[in-house]
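Protein chains get the first letters and strands the later ones, always in sequence-line order, with residue 1 at the start of each.
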Protein chains: 2
Amino acid sequence: MTADTDAPSRAGMSQAERAALSDRRMIDAAIELVVERGVEKATLKEIGERAGYSRGLATYRFGSKAGLFRAVIRAVATRWLGEFTRHVGARSGIAALCACVDSWSRFAKESPLHVRALHILFYQSIGPDSGYRERVAEVLERQRADVVAWVRAGIAAGEIDPAVDPRRQAELFCAFIYGWTYQWLVQPDAVDFQGVAEDLKRMLRTSLAAPASRRAS
Amino acid sequence: MTADTDAPSRAGMSQAERAALSDRRMIDAAIELVVERGVEKATLKEIGERAGYSRGLATYRFGSKAGLFRAVIRAVATRWLGEFTRHVGARSGIAALCACVDSWSRFAKESPLHVRALHILFYQSIGPDSGYRERVAEVLERQRADVVAWVRAGIAAGEIDPAVDPRRQAELFCAFIYGWTYQWLVQPDAVDFQGVAEDLKRMLRTSLAAPASRRAS
DNA sequence: AGATACTTGTTAGTAGCAAGCAAGTGGCGA
DNA sequence: TCGCCACTTGCTTGCTACTAACAAGTATCT
């Protein structure tokens, strides 16, 4: 769709520009093909050719299939974590967690291609040496760290029960998010994506509230 | 380890016994190799040979790599769902959910190889045509159905808030379980498996309790 | 003798590498 | 400032090792 204007537009560019362009194109093609065919059947040959280049460029540029997927994860995860922090803004505590849930389902609706691709790669990473497991672990860790900070702030503000362990709560919260997404990926139609989000927020509010505010409600 | 007594023991068996034995051996080899090397790098050649046979038997018997993994999922999931219902027993409502969580972490401790293999396959299934996605979907669906039944029973008994939607609650509960396992698979050491289980049970108790029993506690 | 478990020969297709081609880049002398 | 030329870098193509899958063959049971 966007690959027809490549030959003309490529002329007269600096080498750096050409490389950046081909990188971007191949990452986009990889996202499309991973969603269309899955990780295994998305071949480097087809990725290179769909991007408008030869069968060998992807290997040459990214070193290996895993290298390409590392780049895809970096590209999508960066954009995505940015969206998150932007959307959650200055909120903290339970409000931040709820905003995070909303942000997640909004992102899933707005760029389903990217979300699907990212999570397909995430869930494929658990093999003993997928080659990009470390990158996935980094993203998970960063996300959990954000959640830990929100929970801590909520406790400090007296909103969240001080008995809550922030780290474990973060693992629990993230488990929700990932498992929720997972089920949606396996059976896109059998899962009430939106409804579960509402229930999740309700559950967070009732189970995290500090004793004082729970009595007050 | 168990593959050294194959040649002698194979003689003098009925055809059906031979086939059943080789099936079992290959499924076991597949589990080992999936955990050792991951789905992609676990080759049919090595699976067949580790089981004590030729490079071609796995394809011949199961038709394809996906066919073999379908058989692995069936074998492990059957055993596993059985363990579950046995362990949960006649419990229902919140107690059943908590027993399910305990059962999960016990199973993960007792047969980590099987749990890892099963979930590696589960998480690899989300590709658009992994060839065994339907089987995974079946298992997920069956598990959710159990949870729905427990929640319904809990509502009927007046223990769980009638405002809870059983189906959505089941999706939420399963999301927890899967996401929790996922994080454990990606970072076996960075996750407090046991601690999260306790927090999860606590959360279920506080957020599902019917208003009446919540006041009573 | 026939059926069934299993093996082996072969094919199409894949990732990755290395050698080669062509287009852009920078320095030097005028 | 201009133009040439060595050099770098983006990209392609030929090749190898390996894989899943299949078909035709062998050995074992019934």
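Atom OH in A/Tyr60 sits about 16 Å away from atom P in C/dA22, given to the nearest Å. Distance CG (A/Leu57) to P (C/dA22): 17 Å, rounded to an integer number of Å. To the nearest angstrom, C1' of D/dC11 lies 7 Å from CZ of A/Arg18. Distance B/Met26 CE to C/dA5 C1': 10 Å, rounded to the nearest Å. Rounding to whole angstrom units, CD of residue B/Glu49 and C1' of C/dT8 are separated by 12 Å. Here the C1' atom of nucleotide C/dG24 and the CD atom of A/Gln15 are 4 Å apart, to the nearest Å. Distance A/Phe62 CZ to D/dC11 C1': 13 Å, rounded to the nearest Å. At whole-Å resolution of the value, CG in A/Leu68 and C1' in C/dG16 are 14 Å apart.
Formation of a donor-acceptor pair under 3.5 Å by the B/His87 side chain with backbone atoms of B/Glu83 is not found in this model.
Of the charged side-chain nitrogens involved, at least one lies within less than 4.0 Å of a carboxylate oxygen, so that A/Arg37 and A/Glu46 count as a salt-bridged pair. Using a 4.0 Å cut-off between charged nitrogen and carboxylate oxygen, B/Arg167 and A/Asp192 do not count as a salt-bridge pair.
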### Message
Please evaluate residues A/Gln187 and B/Glu141 with respect to the criterion side-chain hydrogen bond (donor to acceptor under 3.5 Å, both in side chains), reporting the C-alpha separation (whole Å), side-chain torsions for both, the decisive distance (0.1 Å), and the verdict.
### Response
CA-CA 10 Å; A/Gln187 299 161 289; B/Glu141 198 57 61; 3.3 Å; yes
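Note: B/Leu140 CG to B/Arg133 CZ = 11.0 Å, rounded to the nearest 0.5 Å.
Side-chain contact between A/Leu121 and A/Val136: absent, with no pair of heavy atoms (C-beta onward) separated by less than 4.5 Å.
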With 3.5 Å as the limit, what N/O pairs link the protein to nucleotides 18-20 of chain D?
{"unit_1": "D/dA20", "atom_1": "OP1", "unit_2": "B/Leu44", "atom_2": "N", "d": "3.4"}
{"unit_1": "D/dA20", "atom_1": "OP1", "unit_2": "B/Lys65", "atom_2": "NZ", "d": "3.3"}
{"unit_1": "D/dA20", "atom_1": "OP2", "unit_2": "B/Leu44", "atom_2": "N", "d": "3.2"}

